[in-house]
Enquirer: 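Can you read through this structure? Questions will come right after.
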Amino acid sequence: MQLIYVQTDRCLGCRTCEIQCRVEHAEEKNLFAAIRQIHPPKKRLFIEQQGKVKAPILCHHCDDSPCMAACITGSLYRDEHGIVQRKDELCIGCWSCIMACPFGVVARDADVHVAVKCDRCPDREIPACVASCPTKALRLVDADQLSKERRQEILFRGSSLAE
Amino acid sequence: MEYLIVGGSIAAASALTAIRKNTPQAEVRVVADEPVPFYYRPLIPYLLDGSRTADEILFAEHPPTVLGAELLHDQCIGVESKQHLVRLRSGRELRYGKLLLAAGGAPVMLLDDLPGAKSEGVFALRSLDDAVKIRQYLLHCKTVAIIGGGLVGIKAAEALFRAGLSVTVIEQQPHILALRADSFAADAIAERLRSKGMTLLTEEDSEEIVTSAGKVNTLRLASGRTVTADMVILAVGVKPNIDFLKNAGLEIEHGIVVNQQMQSSVPDIYAAGDLIQFIDQADGKTVVSGLWSNAVHSGRVAGCCMSGGRAVLPPLLSVMNSTEIAGLPLLSAGVLDDPQGRYTVFAEACGNSYRKLLFDQNRLVGMIFLGQTERAGVYANLIRCQIPLEKSRREQLVREVMGAIKRV
Ligand SMILES: Cc1cc2nc3c(=O)[nH]c(=O)nc-3n(C[C@H](O)[C@H](O)[C@H](O)COP(=O)(O)OP(=O)(O)OC[C@H]3O[C@@H](n4cnc5c(N)ncnc54)[C@H](O)[C@@H]3O)c2cc1C
Ligand code: SF4
Ligand code: SF4
């Protein structure tokens, strides 16, 4: 499975990812149309600041996802790529998923009365947030590839310590 | 190994899914007594005003068919745990290797206490069947009295109001939604419901359902007041479905006592969903579950452990609710009120929104959000997992919630 990996030390908090997320989920996928839409699209990731560190907070598409467990309508489901998706027509806007997500990444779209969350941009190869990040703080990586990279990093750090 | 599941709802479905992950081939049987099992129970109020049909609230995939289990439309009436045997209403007896009790809850019917409660036109709202019957009956009704102003009562009231009935809710307590809100939030919601045109009577007790020609006609209250009603809905609470387990030898207090693997006190018998009891992480009290998500989690853990896997029940709360009432989101978790002054409480109201946080020393133990939802899950999770918070974190949290939240 592919993950979106956030390197917090690279994030400037410029919010490009948030804007591109909105644009991607607009009826016509461009900024000006998105702004003029009667109900402007809601973003599905959130730049947050903790002390000096800024970072985007995104859906983890968790195993045994708390949001899916809480959804009382069957609107939330896991697709064949392991992504937790939501069927618009089933959502009643009960906000149980918002109450259940420990990362706070489900948002309420009060205008259209449905919950919105990351759908990993089904129309794109690379999600809009990843593609747009000017500092490459967001990367789309393979889960196995990532753990290999991390192991090598640790090994490297270990050997440089030994020297 | 043969698996037997009693119950045809979300805890059963969740367990069946988990069993299938571990044992694709084993024989699994499901005994369910509803005519049509496996549907989204919290959606039954939507049948009352016709905004959803019965077909639309069924699980998209029928679990026994998709997961390969035999479904028996029958009712379990007894468990002989020594012989590993259950008895069914039809007279059939079934052997089991491992048994899961997922029979959920049943509405309290007040049959003995309230004269007239057995008359035509008195309903509960717990099953799809109840909802279909109410829908049929209401076509001949103009007025309805709902006894009980809890979540189910209010959901029924809103749906019946949308269906065009004149609605009166009778609540014993001083406020509606006693288990899901504090008095401030409950009064704000009551105000909005009243302004739409519903009648809500609090601190009122029902004394008798008066009938004419065998059908419900009037509800008489202890105060002497009378409420005209062509139909009465009893929404006074739910109790775990455990009567059929009397001779099974299980340890039962408020609900079935289980360990972290959902095993009961009797070997090879597991339980999950609305009939178990567990420790509420907010205040340490022993409670019976009544939440969809708790049934999903406990069902999954039971199914996994029954079929040789390893899992533990995650920390749970008895209140971790979210719903939209009178056009406002109401999200509440953990301890909601502090009559004894045990906790540090922060509350703020502004326009249509109200927020409250309750701390027990260094832990967040309760929250209420009315009219807003932002990051609710983050706070609910701090409560559920009993995460200790340093002073600076607590202050930051209060600022975040009470002041402008640092998110645009
Ligand atoms: C109107 C309404 C609104 C709700 N809204 C919410 C909400 O917004 N959020 C939330 O979290 N929860 C909500 N709930 C509660 C939620 O529906 C329950 O917590 C959940 O359904 C529990 O699932 P369960 O599988 O444990 O039991 P149940 O859903 O009660 O199912 C038990 C099943 O077992 C069957 N059964 C019982 N005894 C036997 C027997 N002896 N033999 C064979 N079969 C038997 C029953 O017929 C039933 O099909 C709501 C409930 C209602 C009624
Ligand atoms: S919305 Fe939250 S709970 Fe659901 S998968 Fe994403 S991170 Fe997990
Ligand atoms: S808001 Fe929609 S997606 Fe979320 S739990 Fe309710 S029905 Fe499911």
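Every chain is numbered from 1, with letters handed out A, B, ... down the list of sequences.
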Enquirer: Non-hydrogen atoms of chain B under 4.5 Å away: do they reach the side chain of A/C71, the backbone, both or neither?
Expert: backbone

Enquirer: Answer whether the closest heavy-atom distance between the side chains of A/C97 and A/K117 falls below 4.5 Å.
Expert: no

Enquirer: Heavy atoms only, distances under 4.5 angstrom: which of B/P42, B/A295, B/A380 has the most pairs with chain A? Name it, please.
Expert: B/P42

Enquirer: Measuring heavy-atom distances to chain A, does B/R384 have an atom under 4.5 Å in its side chain, in its backbone, in both, or in neither?
Expert: neither

Enquirer: I'd like to verify something: which residue of A/C101, A/A69, A/C94 has the highest number of heavy-atom pairs under 4.5 Å with chain B?
Expert: A/A69

Enquirer: When heavy-atom pairs shorter than 4.5 Å are enumerated against chain A, which of B/S293, B/S322, B/S14 gives the highest number?
Expert: B/S322

Enquirer: For A/E89, which atoms come within 4.5 Å of any heavy atom of chain B: side chain, backbone, both, or neither?
Expert: backbone

Enquirer: Which class fits the ring pair A/H113 and A/W95: parallel under 30°, tilted 30 to 60°, perpendicular over 60°?
Expert: perpendicular

Enquirer: B/N321 versus chain A, heavy atoms under 4.5 Å apart: side chain, backbone, both or neither?
Expert: backbone

Enquirer: Measure from the side-chain N and O atoms of A/R139 to the backbone N and O of A/Y5, and report whether any donor-acceptor pair falls under 3.5 Å.
Expert: no

Enquirer: Please lay out, stage by stage, how B/Q396 and B/R399 fare under the test side chain to side chain donor-acceptor pair (under 3.5 Å).
Expert: CA-CA 5 Å; B/Q396 187 196 352; B/R399 271 200 309 277; 5.8 Å; no

Enquirer: For B/W292 and B/Y40, take the angle between the two ring planes, folded into 0 to 90°, and tell me which bin it lands in: parallel under 30, tilted 30 to 60, perpendicular over 60.
Expert: tilted

Enquirer: Less than 4.5 Å to any heavy atom of chain A: does that hold for the side chain of B/R41, its backbone, both, or neither?
Expert: neither

Enquirer: Using the ring centroid of each side chain, check whether B/Y39 and B/F59 are separated by less than 6.0 Å.
Expert: no

